[in-house]
Amino acid sequence: MSAVGISALKVLAALGLMLGNGVVMIYMLRKVLGHLHIRLGPIHVGWKGTLQTVMDVLKLLTKEDVTPRAVDRWLFRLAPAVVFVPSLMAYAALPFSDTWRITNLDSGLLYTFTALSLIPIGLLMAGWASANKWSLLGGMRAAAQQIAYEVPLLLSVLPIVMLVGSANLGTIVEAQQGTFLAVLPRWFIVNPLFWPTFLIFVVASLVESNQTPFDMSEAESEIVAGFATEYSAMKFGLLFLSEFSNQFIVSALGVTLFFGGWTLPWLPASVVSALGPLIFLIKTYLGIFVMMWIRGTFPRVRIDQVMQLGWQRLIPISLVWIVFSGIVIKVWS
Amino acid sequence: MSSTVNGVVFLALAFATIGGAVMMLSTRNVVHAAFWLLEVMLATAGVYMLLSAEFLALVQVLVYAGSVAVLILFTIMLTLRRREDAIREFEPGWGAGILALLFGGALLFAVERFSAQLPAGVMPEVVPDVAAFGEKLFTTWAVPFEIASLVLLVALVGAVWWSGGDGK
């Protein structure tokens, strides 16, 4: 098959993963949040309510697509696509196993952050085009948050890049193979040098993927539904599909950087290489579970608190930590 | 990848870059103009990617599209008092047009006249990767790099100083 055909198939595979992930995550969100709130979540449609999301997707597809009269027509239609495309792009550099990846980029980490940094443009576009004050406020909040937290997110993972000597996500995973004392996996999360790194990464990536307690851009108790207020039917569906997809990407990135990606040290190498993608997906969904746990536990913070935390705390801390871990890595090696 | 595919991609990107720039200048809505500027920045990143300058393309998207364009949009949306203010009358800007024409003419003349006298560069067989780029940047070009970062730092401090703060 030609190179162009293979690339097209890879894009289709990523698209399929993204759509499947959306369906799985909506069900997971309802069940996890339900049990966290001592409720049952969906139980009626299908076994334990498993078909509920499928029905909801059908409902979204067949609903009337309302376009309010005052909206900026072109931008209003374009915005869901502008949110959706970077989200799809971000799958390209993720290593699902040592052979399963779309591309093998030397600057894979930077590439994934670049894709994530484009998403708020779509949210800002949706907010402006809706001609609604709540929407505009939501879009503005999304952009402000993203500008503030892009910097600490990038800076926080630099110690890992310095230690590994590469920004290739596959190489970073390979550097975490093996065990300490035959029990403890050689994952970066075990290394005390990376604990502050991990904390900054978690906070910044929750903000970047608009997750509670940092979902100020769609805070329903303050600004109706933020940038999504005027959207209905499948346009709304696209906006939220990429929201779930971003959550998946951020979790997958965390797994790759801190939890050894597709590797599992206690199993023989042949089993791991066969089950690589499965191990990666299980780890990623565990990460998503923790994000939902946070969502079900913490109240939303205020927008000014988030901005202050980003600019005045996280950026200086991550800069200091880069210098410190640079010295440590230099002295050790 | 075959040269036909590259040619098609180049034509599409060239059209997107120049067409976007024309649209940015001719649209009457300032918010639309900002979005067209963003489109031009992304298309330029695509051109870099086509030239195998992977790092440059990523930085172009991350810095220009991801931050500068968002900042421009943010400022425009914050300073517009009403939505209707976004639509301005078309100002042809004859003076700027003449200047642009003069500059373009001078550039074309210079390329036409002097390009034959300059030494032709040799394209490397293999595209150097990001690691090689970084090594060059931090060894051969370390001093210019530091000067550039100093200039940015001065700009940052200046911006903070001018904006005043609240005197605490």
Side-chain angles (χ1 to χ4, degrees), chain A residues 2-4 6-7 70-72 74-75 78-79 82 85-86 89 93 103 105-125 127-133 135-137 139-148 150-151 154 161 165-168 171 208 311, chain B residues 1-2 4-6 8-9 23 27 29-39 41-42 45-46 49 52-80 82-84 86-87 127-135 156 160:
Chain A
S2 68
V4 178
I6 290 174
S7 316
V71 299
D72 192 326
W74 280 97
L75 291 183
L78 195 60
V82 175
V85 170
M89 267 166 62
T103 57
L105 275 178
D106 269 341
S107 43
L109 189 61
L110 191 62
Y111 171 84
T112 312
F113 285 141
T114 306
L116 285 179
S117 81
L118 285 180
I119 291 162
I121 292 172
L123 302 185
L124 200 53
M125 197 186 258
W128 167 264
S130 295
N132 176 327
K133 277 180 186 146
S135 302
L136 186 58
L137 274 176
M140 296 279 228
R141 285 180 174 191
Q145 264 173 261
Q146 181 258 328
I147 294 181
E150 199 176 62
V151 185
L154 251 170
V161 178
S166 168
N168 186 330
T171 318
E208 286 276 298
W311 289 111
Chain B
M1 211 185 280
S2 63
T4 347
V5 176
N6 272 353
V8 171
V9 174
M23 284 308 289
T27 181
N29 189 326
V30 280
V31 176
H32 288 190
F35 278 119
W36 280 115
L37 178 66
L38 174 73
E39 192 263 355
M41 286 166 171
L42 288 176
M49 205 61 136
S52 303
E54 175 190 310
F55 184 75
L56 199 58
L58 287 182
V59 171
Q60 165 87 10
V61 176
L62 196 66
V63 175
Y64 284 94
S67 305
V68 173
V70 172
L71 214 60
I72 291 174
L73 282 168
F74 207 68
T75 339
I76 289 177
M77 289 178 187
L78 269 182
T79 48
L80 286 178
R82 287 169 301 153
R83 275 181 75 77
E84 298 78 49
I87 295 161
V127 181
D129 59 355
V130 181
F133 174 78
E135 199 166 347
L156 189 70
V160 172

task = Check whether A:Ala142 gets within reach of chain B through its side chain, its backbone, both or neither, counting any heavy atom under 4.5 Å.
result = neither

task = Counting only heavy atoms closer than 4.5 Å, note whether A:Ala115 contacts chain B via side chain, backbone, both or neither.
result =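 Neither part; nothing is under 4.5 Å.
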
How many angstroms lie between [atom1] in [X] and [atom2] in [Y], if you round to the nearest 0.5 Å?
{"X": "B:Glu54", "Y": "A:Leu110", "atom1": "CD", "atom2": "CG", "value": "9.0 Å"}
{"X": "A:Leu75", "Y": "B:Asn29", "atom1": "CG", "atom2": "CG", "value": "7.5 Å"}
{"X": "B:Phe35", "Y": "A:Trp128", "atom1": "CZ", "atom2": "CH2", "value": "9.0 Å"}

request  = Answer with side chain, backbone, both or neither: which region of B:Val31 has an atom nearer than 4.5 Å to a non-hydrogen atom of chain A?
outcome  =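 Only the side chain of B:Val31 comes within 4.5 Å of chain A.
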
inquiry  = I'd like to know which of A:Ile121, A:Leu154, A:Ile147, A:Leu136 tops the heavy-atom pair count under 4.5 Å against chain B.
reply    = A:Ile121

Considering only distance and modelled atom types, tabulate donor-acceptor pairs under 3.5 Å from the side chains of residues 68-77 of chain B, sequence neighbours left out.
| from | atom 1 | to | atom 2 | distance (Å) |
| --- | --- | --- | --- | --- |
| B:Thr75 | OG1 | B:Leu71 | O | 2.3 |

Residue among B:Leu42, B:Leu62, B:Leu38 satisfying side chain to side chain contact (heavy atoms under 4.5 Å, CB included) with A:Leu118 =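 Checked B:Leu42, B:Leu62, B:Leu38 against A:Leu118; only one passes side chain to side chain contact (heavy atoms under 4.5 Å, CB included): B:Leu42.
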
